[in-house]
Amino acid sequence: SFIIALLGGSRVQIGGPAGAFVVIIYGIVATYGYNGLLTATIMAGILLIIMGLLKFGNIIKYIPSSIINGFSSGIAIVIFSTQIKDFFGLEIDKVPSEFIEKMISYFESFHTFSPQSLLISSVTIGIILLWPKINKKIPGTLIAVISTTVLVLLLKWDLPTIGSQFAALKAGFPVFLIPEINIDLIKTLLLPAVTIAILGGIESLLSAAVADGMINDTHDSNTELVAQGTANIVVAFFGGMPVTGALARTSANVQNGGRTPVAGIIKSIVLLLIVLVFMPYIKLIPMAALAGVLTIVAY
């Protein structure tokens with residue numbers, strides 16, 4: 001995230017893992033193991049840098065605005081569809097990954113909805129919408145998450161939280177590691193690496209294009225590709241997943257006043273502090289509160 005903000009061609013792009021990669025990542029890990037994923041990520045990073053140096057980013061100029069609008073609208077629908085369970089507190093052991101099956105699962109389980117979860121989600125949205133009338137310098141999202149977390153603790157409601165849903169989360173800096181790479185593995189992973197590079201490149205450039213419209217600016221597509229490639233190479237040496245420009249987080253950045261790369265740099269530093277210091281408190285955040293935040297982002 002720091003590298004993408006520092007070196008990228010967009011003033012407001014926020015980088016990180018993206019939901020679009022999940023299916024690809026799962027397939028690579030299942031077939032080639034985690035070492036294979038790290039190797040493919042490094043290869044994809046190199047390809048992205050080459051694409052940027054060869055000025056492949058200029059292709060974004062020829063993508064119709066209808067495709068960009070469709071892309072951003074599709075991302076919005078996907079984000080909202082993933083939050084319905086937590087927004088209403090539905091009791092579903094495993095939510096299907098496919099959209100239609102997911103909606104059917106929600107409909108069949110709607111009788112299990114939690115009034116407390118719905119209240120927390122609604123309060124979160126209300127605070128985010130009303131807070132700018134009180135103070136425009138402090139993000140309403142931050143106030144909403146803190147307020148609803150404290151409310152749940154005071155009322156002692158037994159609601160799903162980040163800690164209960166993601167028990168494996170722990171504080172600490174990721175360990176530096178060098179993947180085991182050989183020529184046979186490189187040949188085998190060439191197609192997955194190309195897939196990651198192309199998907200990451202397209203998603204990053206489309207996200208930057210959407211952000212341009214939000215802040216009335218123009219990004220440098222080729223510089224953005226080089227930054228994305230560099231970030232993917234570095235992240236692999238710390239055991240990370242492929243990264244790209246994330247439209248949801250970029251949109252949230254703009255909505256909360258971000259206008260320069262400094263916002264993305266600060267975001268990465270704050271995220272590091274969260275991982276190293278504040279993880280015990282982050283685990284207390286109700287999933288319903290996050291669902292409220294992401295519903296606003298989707299809208």
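Because the structure is a prediction, the values reported are computed rather than measured.
- Taking the six-membered ring where tryptophan is involved, the planes of Tyr281 and Phe278 are tilted, since the angle between them lies from 30° to 60°.
- Side-chain contact annotation: Gln13 with Thr250, donor-acceptor N/O pair under 3.5 Å present.
- Under the 3.5 Å distance criterion, the side-chain polar atoms of Asn232 are left unmatched by any main-chain donor or acceptor of Ile42.
- Gly264 and Ile14 get closest at one heavy-atom pair: CA-CD1, 3.6 Å.
- Under the 4.5 Å side-chain contact rule for hydrophobic residues, Val95 and Phe166 share a cluster.
- No path of Ile, Leu, Val, Met, Phe, Trp and Tyr side chains, each step under 4.5 Å between heavy atoms, connects Val78 with Ile92, placing them in separate hydrophobic clusters.
- For Lys267 (side chain) and Val262 (main-chain N/O), no donor-acceptor pair under 3.5 Å exists by modelled atom type.
- Here the closest heavy-atom approach between residue Val297 and residue Ser251 is recorded as O-OG, 4.5 Å.
- Between Phe237 and Phe176, the angle of the ring planes stays under 30°, which puts this pair in the parallel group of the 30/60° scheme.
- Of all heavy-atom pairs spanning Ala197 and Leu47, the tightest one is CB-CB, 3.9 Å.
- With values rounded to the nearest 0.5 angstrom, Lys102 atom NZ is found 9.0 Å from Ile84 atom CD1.
- The two residues Asn256 and Gly140 make their nearest non-hydrogen contact at OD1-N, 4.2 Å.
- Here Asp217 contributes atom CG and Arg11 contributes atom CZ; the two are 5.0 Å apart, rounded to the nearest 0.5 Å.
- The two residues Ala144 and Ile128 make their nearest non-hydrogen contact at CB-CG1, 3.8 Å.
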* Asked: Given Ser221 and His219, is the side chain to side chain donor-acceptor pair (under 3.5 Å) satisfied, shown in steps?
  -> CA-CA 6 Å; Ser221 298; His219 72 282; 2.9 Å; yes
